[in-house]
2 protein chains.
Amino acid sequence: MPTPSAGRRFKDAIYEQFARVAKALASAHRIELVDLLAQGPRTVEALAQLSEMSLANTSQHLQVLRGAGLVEATKQGLFVTYRLADGTVADLFLGLRGVAEGRLAEVDRIKREFLAERDQLEAVDERALRRRVRDGDVTLIDVRPREEYEAGHIPGAVSMPLPDLVKELATLPKKAEIVAYCRGPYCVLAVEAVSLLRKKGFRAVRLEDGILDWSAHGFRLEASGVK
Amino acid sequence: MPTPSAGRRFKDAIYEQFARVAKALASAHRIELVDLLAQGPRTVEALAQLSEMSLANTSQHLQVLRGAGLVEATKQGLFVTYRLADGTVADLFLGLRGVAEGRLAEVDRIKREFLAERDQLEAVDERALRRRVRDGDVTLIDVRPREEYEAGHIPGAVSMPLPDLVKELATLPKKAEIVAYCRGPYCVLAVEAVSLLRKKGFRAVRLEDGILDWSAHGFRLEASGVK
DNA sequence: ATATTATTCAAGCGATTATTTGAACTATGG
DNA sequence: CCATAGTTCAAATAATCGCTTGAATAATAT
């Protein structure tokens, strides 16, 4: 084989770097971690629990992500908190998700299959939603864990983590419509929330968007101080 | 190990699909193919030549990309032409490149190292460029292969493929500034064009953007009919 | 100091997977 | 039927992966 030219060596080296980023994302587990971190910073332990992986394994996958510059870690006391390095990483995740949704028929199939086991859950138009939330026409609930709500949520939303939902039923309006959202189209929290609310006689629908989609559409987010 | 819940199986399946897309891009060769296809449709043979891979190898990498829904193929007579499946694929490539540029120090290092062997080539502000091209203040040349120019180019640019540049020198202004561009920041065609022009006594600078960057900034492209 | 907790590191295992080349094969057109 | 463009297959190599286990490190509390 001939010795490569300088231009070829340059290209190979550059494309190899781009591939490094893709390689870091070329694992379902690591993509899940990125998805979780897009909701806000998290400790290793929390990530391990949410992703249902062992602690050591979670830690290792996080190292891989860090090696590709996708996440950053800061140590506060005993805990190491990871966060996305950059807004561009969240955009990259959205891009990946978008291509998968648009180009891989399996995504639609899997989604349909899963939702078929549950109720048929129609989506909600986010443009109309914005107006109706402002007018107090609907109650918008954020059913993610409290920390994620605090790290950023849709303006006007009330935090109501799924596990607490049953206890909080009394605070919800019986007549007005309730809209629930969580991490995004593939997060099951809102699906379960709506399912539960309907069983209890409420009028509830699900918003497919998570905060990532919401802000990608150019809308603002709101954050709370840490409790 | 306990049987995974329905929600977990759903998540795993979905994230696996996202990872499929990332896996397709987790190879320097395949990213180069995507980069080339972002300039316009190409036959397998052309791609093999441009990427300096064997035909069989190129074909196989293209199959992988096709399997992930990133490219599409159409057969016209003897030739199979590949193209990006979608504008979102080009965006994904830009996202990948952007993260790599922003987060991996190596990218900058490699670039600097390569350019050091050549002249120091300053970039050009594309906002000012637009105005100056419109005013006829500069001559903008597109030094990519003719087909890529025809598939889409910056408005006002003249096609002047690098191999033909020497022959065309007479048609270029001796006094006005010449701006050369090619496929993007990591394409070496414009670097060499500027280098050559300067040696011949022209005032030439390089535009880092390729058509992908140009249209990502919201500017229009122009296309020619096939010759 | 010592114990405790959170995280990382190192080693190892098993298995899979990716890359590439050359040859065989298919399809198209002259 | 032959040349061309592309795909596919087989095979060899190499590499990497993902996960577990157990020890190491680091910060904090007692």
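Protein chains get the first letters and strands the later ones, always in sequence-line order, with residue 1 at the start of each.
Distances from the side chain of B:Thr43 to the nucleotides D:dA27, D:dG6, C:dT8 place D:dG6 closest. With D:dA5, C:dT8, C:dT19 as the choices, the nucleotide that has an atom nearest any side-chain atom of A:Ser59 turns out to be C:dT8. With distances taken from any side-chain atom of B:Lys75 to the nucleotides D:dA26, C:dA27, C:dT7, the minimum falls on C:dA27. Side chain of B:Val44, nearest nucleotide from D:dT20, C:dA6, D:dG6: D:dG6. Which of D:dT28, D:dT8, D:dC19 sits closest to the side chain of B:Ala56 comes down to D:dT8. Closest to the side chain of A:Glu45, from the set D:dA26, D:dT4, C:dT7, is C:dT7.
One distance of note links OG1 of A:Thr58 with OH of A:Tyr82; it measures 10.5 Å at 0.5 Å rounding. The CG atom of A:Asp12 lies 6.5 Å from the NE2 atom of B:His29; values are rounded to the nearest 0.5 Å. Taking CZ of A:Arg42 as the reference point, atom CG of A:Leu50 lies at 5.0 Å (rounded to 0.5 Å).
Atom pair B:Leu62:CG and C:dT20:P shows a separation of 13 Å (rounding to whole Å applied). Separating the CG atom of A:Leu78 from the P atom of D:dT25 is a distance of 17 Å, rounded to the nearest angstrom. In this structure, B:Leu65 atom CG and C:dA18 atom C1' are separated by 14 Å, rounded to whole Å. Rounded to a whole Å, the CG atom of B:Leu55 is 18 Å from the P atom of C:dC25. At whole-Å resolution of the value, CD in A:Glu52 and P in D:dT20 are 13 Å apart. Atom CD of A:Glu72 is separated from atom C1' of C:dT7 by 18 Å (rounded to the nearest Å). Counting to the nearest Å, the P atom of D:dC17 and the NZ atom of A:Lys23 are 8 Å from each other. Per the geometry, CE belonging to A:Met53 stands 15 Å off C1' belonging to C:dT8, to the nearest Å.
Between A:Phe18 and B:Tyr186, a ring centre-to-centre spacing shorter than 6.0 Å is recorded.
At D:dA5, none of the side-chain N or O atoms of B:Tyr82 fall inside 4.0 Å of OP1 or OP2 (strictly under the cut-off). Residue A:Gln60 places none of its side-chain N or O atoms closer than 4.0 Å to OP1 or OP2 of D:dC19. Distances shown here put a side-chain N or O of A:Arg30 below 4.0 Å from the OP1 or OP2 atom of D:dG18. Dashed line: the shortest gap from a side-chain N or O of A:Asn57 to OP1 or OP2 of D:dG18 is not under 4.0 Å. Residue A:His61 places no side-chain N or O under 4.0 Å from the OP1 or OP2 atom of D:dC17.
In terms of position along DNA chain D, the nucleotide closest to A:His29 lies nearer the 5' end than the nucleotide closest to the other residue of the pair A:His29 and A:Gln76. Closest-nucleotide positions on DNA chain C for A:Phe79 and B:Val64 were compared, and the one nearer the 5' end corresponds to A:Phe79.
Checking A:Arg83 against A:Thr74 by side-chain atom types alone, a donor-acceptor pair falls below 3.5 Å. Between the side chains of A:Asp142 and A:Tyr181, at least one donor N or O lies within less than 3.5 Å of an accepting N or O.
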